[in-house]
Amino acid sequence: MRVTFLGTGTSTGVPVVGCHCRVCTSDNPRNQRLRQSVSIEASGRHFLIDTTPDLRLQLLRHPIPRLDFLLFTHSHSDHLMGLDDIRPFNFRQRESIHAFANPMTAKAIRRAFSYIWDTGSQLGGGKPQLELHEVEEPFVHEGIEIVPIPVDHGDWTILGFRIGSFAYITDTNGIPPASMKLLEGIEVLALDGLRPAPHHSTHFVIGEAVECAQKIGARETWLIHLAHDVEHEEVEATLPPGIRLAYDGLVLES
Ligand SMILES: [Zn+2]
Ligand SMILES: [Zn+2]
Ligand SMILES: [Zn+2]
């Protein structure tokens, strides 16, 4: 299994438009973050978690030979709005692409991208062909076992995903006890860490993410969804052993 971090930034991306702070003007590529997403290759299949507004650029940087399916964590724009850019895979593969989301996210996708399901609208340059499935329980697709992990994101319950001994949990400020059980035995974890401070109502800040990561006890934890408050080298130097900051282009193989 191979996980490629296509983007590790918060909703604005880093640099933030119009910001002149030292992180936004940094030459260090690890301070430059597209929106949060990963591409995963497992058992010869290629899939993405979320379709960010940067999806096209992300897949030009890190090409995949085909797109077998999509997993959606939730419907916030920074995780969804690149969905139209799956069309080249539809054209090339001549098939619709299966996508999996919880019922709340699926409903929001049907609303935000209503033209996909509007049979009356003209085809023009083509629409994404998507077969959207609602999931809440573990399922197997293309021979890959996928365990949805419900987590808190403010008032919303959104999904993290476990695939084998890897778990991906973006956009969270709390993991309920039943979901902590689903994370037992995880070896590699990607977890929302947003920024060092101040506290946030829908995201873990770094201290909270570290505490949660230590409870989960993965061999390696990579903090994701990072804001422009995070200077890569400085913040990474403050983290305990086994916990690091993810960065765009990071590849983990297991
Ligand atoms: Zn987000
Ligand atoms: Zn900035
Ligand atoms: Zn969000």
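Every number for a ligand or one of its atoms is a count from 1 in the order of the listing.
- Under the 4.5 Å side-chain criterion, counting only non-hydrogen atoms from C-beta, His20 is not in contact with Cys24.
- Salt-bridge annotation for Glu231 and Arg30: absent, with no side-chain N of the basic residue lying under 4.0 Å from a carboxylate O of the acidic one.
- Less than 2.8 Å away from the Zn ion (ligand 3), the protein contributes these N/O/S atoms: His74 NE2, His76 ND1, His153 NE2, Asp171 OD2.
- When His203, His200, His199 are each tested for a side-chain hydrogen bond (donor to acceptor under 3.5 Å, both in side chains) with Glu208, only one passes: His199.
- Relative orientation of the Tyr247 and Trp222 rings is perpendicular, given thresholds of 30° and 60° on the angle between their planes.
- By the 30° and 60° cut-offs, the orientation of the rings of Phe113 relative to Tyr115 is tilted.
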Practice task
Decide side chain to side chain contact (heavy atoms under 4.5 Å, CB included) for Leu245 and Leu239; before the verdict, give the C-alpha distance in whole Å, the side-chain angles of both, and the deciding distance to 0.1 Å.
Solution key: CA-CA 9 Å; Leu245 297 179; Leu239 298 175; 4.0 Å; yes

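- Our summary of the site lists the angle at the Zn ion (ligand 2) between ND1 of His228 and SG of Cys19 as 110°, to the nearest 10 degrees.
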